[in-house]
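Step one of this worksheet: look at the structure below.
These figures come from a predicted structure and were not determined experimentally. All chains are named by letter (A, B, ...) in the order of the sequence lines, taking the proteins before the strands, and each is independently numbered beginning at 1.
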2 protein chains.
Amino acid sequence: MSPSRPAGLVRQARTPRQGIPDATVARLPVYLRALTSLAEHGVTTVSSEELATSAGVGSAKLRKDLSHLGSYGTRGVGYEVEYLVYQISRELGLTQDWRVAIVGAGNLGRALANYGGFASRGFTVVALLDAATDLIDQEVAGLPVLAVTELERVIAQEQVQIGVLATPACAAQDLCDRMVAAGVTSVLNFAPCVLNVPGHVMVRKVDLSTELQILAFHQQRGAAAGLGYGGLGEQSQDGPGAAEVAG
Amino acid sequence: MSPSRPAGLVRQARTPRQGIPDATVARLPVYLRALTSLAEHGVTTVSSEELATSAGVGSAKLRKDLSHLGSYGTRGVGYEVEYLVYQISRELGLTQDWRVAIVGAGNLGRALANYGGFASRGFTVVALLDAATDLIDQEVAGLPVLAVTELERVIAQEQVQIGVLATPACAAQDLCDRMVAAGVTSVLNFAPCVLNVPGHVMVRKVDLSTELQILAFHQQRGAAAGLGYGGLGEQSQDGPGAAEVAG
DNA sequence: AGGCACTTGTGAACGAACGCACAAAGTCAG
DNA sequence: CTGACTTTGTGCGTTCGTTCACAAGTGCCT
Ligand SMILES: NC(=O)c1ccc[n+]([C@@H]2O[C@H](COP(=O)([O-])OP(=O)(O)OC[C@H]3O[C@@H](n4cnc5c(N)ncnc54)[C@H](O)[C@@H]3O)[C@@H](O)[C@H]2O)c1
Ligand SMILES: NC(=O)c1ccc[n+]([C@@H]2O[C@H](COP(=O)([O-])OP(=O)(O)OC[C@H]3O[C@@H](n4cnc5c(N)ncnc54)[C@H](O)[C@@H]3O)[C@@H](O)[C@H]2O)c1
């Protein structure tokens, strides 16, 4: 479904890590978090079973996921935590720093700017922009709020790669277009709307209203899983995933 | 993968709307939003093609999704917007009001409490709780912040069905357990951790850090879709989805 | 009335993802 | 060095989801 796999093109695969399934990619950050947590607790080695439990998935799925990155892990022993952390980080591209701009300094935009969880991985918020004149020049998380009119200049100058949209829905498409025109190729959209972007740009959407509606649906019918209790399962958030709509 | 379908049981399906696929459920809110937007613009009828474009999906997928709810829609004409809005709303359980409690009145919790998009659908935030003494009794979005020690009482008294976790990860599991024990059966979790819950409770997770990492991954490789431009696609956010881990 | 253009709903083919189960590969004790 | 035990990596059948393509229904125009 998702077009992240290059259509039919590029079938030749010399390197082992070629064409990691989207479902796997979506889980790698979860594994990474579980691993870093284990590392902080002094664990140096984990079996797929233990790590799977930590991450809330089945062990078979975990092993298959990891096998897509290569054969790290030692039979009879397990995986070396630190080494695996490095490998997953590298695969996800977290060894480099990513430069992020947040557009919209409302409730959500400010919460995001203040959030420490970004910088702790390789994501640096380099700019925070808004249209409201009374917000401009206010300082949020050590950054001054800039006028949206500066958007093109800032993106080019700061070499922003990832844009975060936290504005009302009606403004999102226009701002997205401007960001893309200025060179952004990845967008994280919090506005409740569909964005049209050229094919080389990837959009991911976070929509809280949708999440609540899905919960409501399941609660309305059989009350969640349907069985009494027990059973292993995942924690949803996201599944497949890329995005683009004809530009 | 998600346990929302009762294993192998219940194969007989007399009613048309029996066992809607998870992937479909996750898209219904998107259709609903597109439809309400069209309704506001005075549109009374849409074809699957138009609606699909509005929602950012393919028309075949949209028709199949809608067919799971029943045969609303008229051949040769399309769907009546208002009627379809009602049917989807009913299917999602939005005809009743859902009572939500937010735990954690930090940056994110306050942003959520202030967000109008919840109430506009059938979700009412009935309580906002926190542990920090200096936040308690502060007023946010017309609600006083309550002490977490009140959690059990408030959930029972206000008949909270959905709990939202916006606390640090370390406190999330404990608070989740308490909410579940107090009667909550649906949890929306913003803390970056996996929650263990009994089988009858559904958890959905929203993790911004994960989203950024997925964007980084795709950008690091072929730069999104891989092709030059054009092409239809989805906007990701979420896919399958339930959750429970042996209690 | 009949033909025509249009759109839904769905059967069937295809593809992606999951989970089982097991052989291969390693460790460790003796 | 051997043999028992542990755990990875993966081939395979199954399930779930998407896409194609078309028959069946609807409205309109002549
Ligand atoms: N707050 C939440 O919890 C929440 C939850 C779900 C979705 N959202 C969505 O996230 C978005 C932001 O939410 P919020 O609560 O921060 O809203 P908000 O009203 O607090 O903030 C929006 C900000 O965007 C700015 N803005 C408006 N037009 C702009 C433009 N053209 N260019 C630049 N900035 C502009 C406004 O000045 C304002 O500061 C909305 O689309 C909302 O639907 C928010
Ligand atoms: N702010 C963001 O943009 C953002 C983004 C992604 C994830 N998150 C996650 O969301 C959660 C909240 O983020 P935040 O930015 O609001 O953090 P925050 O520190 O601003 O707020 C956390 C709040 O939880 C309260 N709290 C702590 N322990 C508690 C307990 N035992 N019971 C009740 N309340 C308790 C604290 O008093 C504080 O008010 C965190 O887990 C964070 O990782 C936040």
What is the distance, to the nearest angstrom, from the [atom1] atom on [X] to the [atom2] atom on [N]?
X     : N      : atom1 : atom2 : answer
A:L62 : C:dG19 : CG    : P     : 12 Å
A:E49 : C:dC20 : CD    : C1'   : 13 Å
A:E80 : C:dG26 : CD    : P     : 16 Å
B:R63 : D:dT18 : CZ    : C1'   : 13 Å
A:L51 : D:dT8  : CG    : C1'   : 13 Å
A:L69 : D:dT8  : CG    : C1'   : 14 Å
B:H68 : C:dG11 : NE2   : P     : 11 Å
B:Y72 : D:dG25 : OH    : C1'   : 19 Å

Which atom names give the shortest non-hydrogen contact between B:A169 and B:C193, and what distance separates them?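 Where B:A169 meets B:C193 most closely, the heavy atoms are O-SG, 3.9 Å.
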
Any donor-acceptor pair under 3.5 Å joining the side chain of B:R75 to the base of C:dT8?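 Donor-acceptor pair under 3.5 Å: yes.
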
With a 3.5 Å cut-off and heavy atoms only, can you find an N or O donor on one side and an acceptor on the other between the side chain of B:K64 and the base of C:dT10?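 Answer no: no donor N or O sits under 3.5 Å from an acceptor.
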
Should B:E91 and A:R221 count as an ion pair when the cut-off is N to O under 4.0 Å?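 A salt bridge links B:E91 with A:R221.
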
Between B:S71 and B:S67, is there a donor-acceptor pair closer than 3.5 Å when you use the side chain of the first and the backbone of the second?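 Such a contact is absent between B:S71 side chain and B:S67 backbone.
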
Hey, does the side chain of [X] come within less than 4.0 Å of [N]'s phosphate (OP1/OP2), counting only N and O?
X     : N      : result
B:S48 : C:dT7  : no
B:T74 : C:dT8  : no
A:R27 : C:dC18 : yes
B:Y79 : D:dT26 : no

Where do B:Y86 and B:Y83 land on the ring-ring contact (aromatic ring centres under 6.0 Å, His included) test, with the steps shown first? CA-CA 5 Å; B:Y86 170 72; B:Y83 183 55; 7.2 Å; no

Close N or O pairs between protein and nucleotides 13-15 of chain D (under 3.5 Å):
none

Given D:dT19, C:dT7, C:dA17, identify the nucleotide with an atom nearest to the side chain of B:K61.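 Of the candidates, D:dT19 comes closest.
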
Determine whether B:I88 and B:L66 satisfy the following criterion, side-chain contact (heavy atoms from CB on, under 4.5 Å), listing intermediate values before the conclusion. CA-CA 9 Å; B:I88 295 180; B:L66 292 184; 4.2 Å; yes

Per the side chain to side chain contact (heavy atoms under 4.5 Å, CB included) rule, which among B:L51, B:V43, B:T36 passes with B:V81?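 So the option named by the test is B:V43.
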
Between B:F123 and B:W98, what is the ring plane arrangement, given parallel below 30°, perpendicular above 60°, and tilted in between?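 Ring orientation of B:F123 relative to B:W98: parallel.
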
